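In what follows, residues are counted from 1 in the order of the sequence shown. As the structure is a prediction and not an experimental result, all values here were calculated from the model.
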Amino acid sequence: MTDETHLRRTFELAREAAADGNTPFGSLLVRDDEVIAESRNTTRTEGDITAHPELKLARWAARELADGEQGAVTMYTSTEPCPMCAGAMVIAGLDHVVYSVDGATAAEFAPGDGSMPSSDLLERESDVKVSGPILEAEGKDVHREHWDDESQRE
């Protein structure tokens, strides 16, 4: 498997989230090139503003993996994590995050969304490695599909 293969799975998860009525974000955790957990955004359907897939997976890793195993895990995510999720990744002890669309670009699609780039926070305040944007055009398509469709329904 490659970074691109894993990121494409996050796009599928993001599209599933959107099809369920949520915003289009998907993530997965990989250890030794094997997917060990995946999640999609459920903020709207759960009525929980913290139900981001990255936060749910960081919590899962901290709870389910043995001490020290988190440091061998990479999170792949369709969009650069927000600062809340980045903080959870640091606390959970994850090793690496790979994303497709950076936060500033995603904010161009999502009305009212825009926050500090978490890659700055992660690289400056922790040992978490950051890679991205990767497959940015494909990641943008996921956002474009969702936000264009949502604006037409309003």
Which atom names give the shortest non-hydrogen contact between Leu13 and Gly26, and what distance separates them? CB-CA, 3.8 Å
Should Tyr76 and Ile36 be regarded as members of a common hydrophobic cluster, given that ILVMFWY residues are connected when their side-chain heavy atoms come within less than 4.5 Å of each other, either directly or indirectly? no
Counting neighbours of CG on Asp33 that are heavy atoms of other residues, nucleotides or ligands and sit closer than 6.0 Å, is the number greater than 12? yes
For a quick test of reading the model, state the closest non-hydrogen atom pair linking Ile134 to Val98 and the distance between them. CD1-CG1, 3.6 Å
Quick check on the 6.0 Å ring-centre criterion: do Phe11 and His6 meet it? no
What I want to find out is whether Arg44 reaches Asp20 closely enough, with some N-O distance under 4.0 Å, to be called a salt bridge. no
Side chains of His143 and Ser78: any donor to acceptor distance under 3.5 Å? no
How many angstroms lie between atom OG of Ser27 and atom CE of Met75, to the nearest 0.5 angstrom? 5.5 Å
Closest non-hydrogen atom pair, Pro24 against His146: CD-CD2, 3.3 Å
Atom CD1 in Ile49, atom CE in Met84: separation rounded to 0.5 Å? 7.0 Å
State, to 0.1 Å, how close Leu55 and Ala88 come at their nearest heavy-atom pair, and which atoms those are. CD1-CB, 3.3 Å
Would a single hydrophobic cluster contain both Val90 and Val73, if residues Ile, Leu, Val, Met, Phe, Trp and Tyr are joined by side-chain heavy-atom contacts under 4.5 Å? yes
Backbone N or O of Thr23 within a donor-acceptor pair of the Asn41 side chain at under 3.5 Å? yes
Donor-acceptor check, side chain of Glu136 to backbone of Ser100, threshold 3.5 angstrom: yes or no? no
Minimum heavy-atom distance Leu7-Thr10, with the two atoms named: O-OG1, 2.6 Å
Distance-only, no hydrogens or angles: does the Glu80 side chain make a donor-acceptor pair with backbone N or O of Asp102 under 3.5 Å? no
May I ask you to decide if Ala66's main-chain N or O and Glu69's side chain share a donor-acceptor pair within less than 3.5 Å? yes
For the CZ atom of Arg59 and the CG atom of Leu57, what is their distance to the nearest 0.5 Å? 11.0 Å
How close do Phe25 and Ala17 get, counting heavy atoms only, and between which atoms? O-CB, 3.9 Å
Measure the spacing between CG of Leu28 and CD of Glu34 and express it to the nearest 0.5 Å. 12.0 Å
Do Trp147 and Val142 land in one hydrophobic cluster if side-chain heavy atoms of ILVMFWY residues count as linked below 4.5 Å? no
Could you grab the distance from atom CG of Leu135 to atom NZ of Lys140, nearest 0.5 Å is fine? 12.5 Å
Glu12 and Arg9 ion-paired at < 4.0 Å: yes
Looking only at side chains, do Thr42 and Asn22 share a donor and an acceptor under 3.5 Å apart? no
For the atom pair CG (Asp3) and OG1 (Thr74), what is the distance rounded to the nearest 0.5 Å? 8.0 Å
Flag, side chain of Lys56 to backbone of Arg40, donor-acceptor distance under 3.5 Å: yes
Are Val35 and Val97 connected into the same hydrophobic cluster when the rule is that any two of I, L, V, M, F, W, Y join if their side-chain heavy atoms are below 4.5 Å apart? no
Between Ser131 and His96, do the side chains contain a donor N or O and an acceptor N or O under 3.5 Å apart? yes
Is the shortest heavy-atom distance from the side chain of Arg15 to the side chain of Glu145 under 4.5 Å? yes
